[in-house]
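One structure is given below, encoded as structure tokens.
So you know, we letter chains A, B, ... as the sequences are listed, proteins then strands, and number each from 1.
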There are 2 protein chains.
Amino acid sequence: MNAPASGVRATRQRAAILALLDRTDRFRSAQSIFDELRADGHGIGLTTVYRTLQALVAGEVVDVLRSPAGESLYRRCETEEQHHHLVCRRCGIAAEIPGPVVEAWAREAAAHHGFSELSRTLEVFGLCRLCGTR
Amino acid sequence: MNAPASGVRATRQRAAILALLDRTDRFRSAQSIFDELRADGHGIGLTTVYRTLQALVAGEVVDVLRSPAGESLYRRCETEEQHHHLVCRRCGIAAEIPGPVVEAWAREAAAHHGFSELSRTLEVFGLCRLCGTR
DNA sequence: GTTTGTGCAAATATTTTGCACTTGA
DNA sequence: TCAAGTGCAAAATATTTGCACAAAC
């Protein structure tokens with residue numbers, strides 16, 4: 001009657017993805033993560049990259065956002081608290097900006113209109129100092 | 001030497017799309033707009049729906065946003081001023097909420113981090129009073 | 001009559017899924 | 001052992017594009 005010890009397994013692929021995410025501070029697409037891992041000689045499939053990222057997002061280990069172009073971009077969270085991102089649309093570099101102000105504002109607006117079960121989406125895209133200069 | 005009067009042409013299809021958008025207050029997908037027009041007996045192609053919506057967005061005649069599911073949703077703007085939306089994820093109904101607070105906040109954060117050429121994305125998804133009750 | 005719009009079919013892009021095989025605990 | 005993870009190929013989804021034809025001005 002032992003519980004089957006269900007849980008996440010420590011695989012080579014998962015470790016490689018986490019390691020890559022840890023050494024970058026940019027939002028990356030699944031494809032670009034896949035490409036880099038392949039270039040680094042890791043054997044991994046694109047499907048696995050997608051599935052692992054999905055799991056990491058569900059576990060709140062990484063942040064996702066959709067780029068204006070419609071791609072999902074992933075990055076490791078720096079803070080535990082809820083926050084938003086200021087993302088460079090050219091290089092993907094991002095600053096985390098705290099969100100209490102917007103939070104309060106959104107909650108108030110929602111209450112006013114009788115909305116429930118909110119899920120916010122606030123991402124500010126722009127050009128970072130470096131990319132904006134070029 | 002007359003200028004070729006370049007501009008948007010008043011076509012049957014364009015009129016049908018605008019009429020539909022005028023008589024609804026929900027965010028609609030291109031596909032659902034297409035389906036309804038077809039059901040109403042209008043001859044129109046999905047491609048045309050996409051292309052027309054694109055043009056209307058460019059002309060700032062309609063608002064677009066991406067649903068959490070990754071679809072583009074379209075609705076006619078009610079106000080000229082910049083604003084955000086509180087969108088029901090079930091029925092697509094939406095309230096427009098003014099954005100000066102968030103605007104100021106975003107601009108400040110951007111300035112602080114040296115970002116330029118901003119484009120905000122703030123949409124709050126939730127369940128409207130009706131859908132939340134059911 | 002010329003330019004812009006239309007619509008089909010095909011292409012693209014991103015992400016997901018079926019399924020047989022591998023691997024970690 | 002054996003449930004969980006992997007990866008290929010194929011499917012699914014949403015949107016765009018090439019091109020011949022039609023419609024607007």
Original post:
Rounded to whole angstroms, how far apart are CZ on A:R51 and C1' on D:dA4?
Top reply: 11 Å

**OP:** Please report the C-alpha distance between A:R66 and A:T121 in whole Å, then the side-chain angles of each, then the deciding distance to 0.1 Å, and finally whether the side chain to side chain donor-acceptor pair (under 3.5 Å) criterion is met.
**Re:** CA-CA 10 Å; A:R66 312 269 304 186; A:T121 299; over 6 Å; no

Between the protein and nucleotides 22-24 of chain C, list every N/O to N/O distance that falls short of 3.5 Å.
unit_1 : atom_1 : unit_2 : atom_2 : d
C:dG24 : N2     : A:R9   : NH2    : 3.4

Original post:
Rounded to whole angstrom units, what separation is found between the CD atom of B:Q54 and the C1' atom of C:dT6?
Top reply: 14 Å

**OP:** Might you confirm whether atom CD of B:Q82 has over 12 heavy atoms from other residues, nucleotides or ligands at distances under 6.0 Å?
**Re:** yes

Original post:
When you look at A:H113 and B:I97, which way does the side-chain contact (heavy atoms from CB on, under 4.5 Å) test go after all the steps?
Top reply: CA-CA 10 Å; A:H113 290 279; B:I97 44 187; 3.8 Å; yes

Original post:
Does any N or O in the side chain of B:H83 come within less than 3.5 Å of the main-chain N or O of B:E81, such that one atom is a donor and the other an acceptor?
Top reply: yes

Original post:
Quick one: do the B:R76 and B:T24 side chains pair a donor with an acceptor below 3.5 Å?
Top reply: no

Original post:
Passes salt bridge (Lys or Arg N to Asp or Glu O under 4.0 Å), B:R75 versus B:E96? Steps please.
Top reply: CA-CA 11 Å; B:R75 192 179 84 144; B:E96 295 188 0; 2.7 Å; yes

Subject >> A:T52 side-chain N/O to A:T48 backbone N/O, donor-acceptor pair under 3.5 Å >> reply: yes

Please tabulate the protein-to-nucleotide N/O contacts below 3.5 Å involving nucleotides 10-14 of chain C, giving atom names and distances.
unit_1 : atom_1 : unit_2 : atom_2 : d
C:dT14 : OP1    : A:E71  : OE2    : 3.3

Original post:
Around atom CD of A:E36, are there more than 12 heavy atoms of other residues, nucleotides or ligands at under 6.0 Å?
Top reply: yes

Subject >> Interatomic distance, A:L46 CG vs D:dG5 C1' [rounded to whole Å] >> reply: 16 Å

Original post:
When the distance from CZ of A:R14 to C1' of D:dT6 is rounded to whole Å, what number comes out?
Top reply: 13 Å

Original post:
Counting side-chain heavy atoms from CB outward, which of C:dA9, D:dT15, C:dT16 is closest to B:T47?
Top reply: C:dA9

**OP:** Evaluate the side-chain proximity of B:H84 to B:P98: yes if any heavy-atom separation is below 4.5 Å, no if none is.
**Re:** no

**OP:** Kindly say whether B:R107 contributes a backbone atom to a donor-acceptor pair with the side chain of B:R120 at under 3.5 angstrom?
**Re:** no

Original post:
Ring centroid separation for B:F125 and B:H85, is it under 6.0 angstrom?
Top reply: no

Original post:
Which of residues 34-44 of chain A have a heavy atom under 4.0 Å from DNA chain D?
Top reply: A:R38, A:G43, A:I44

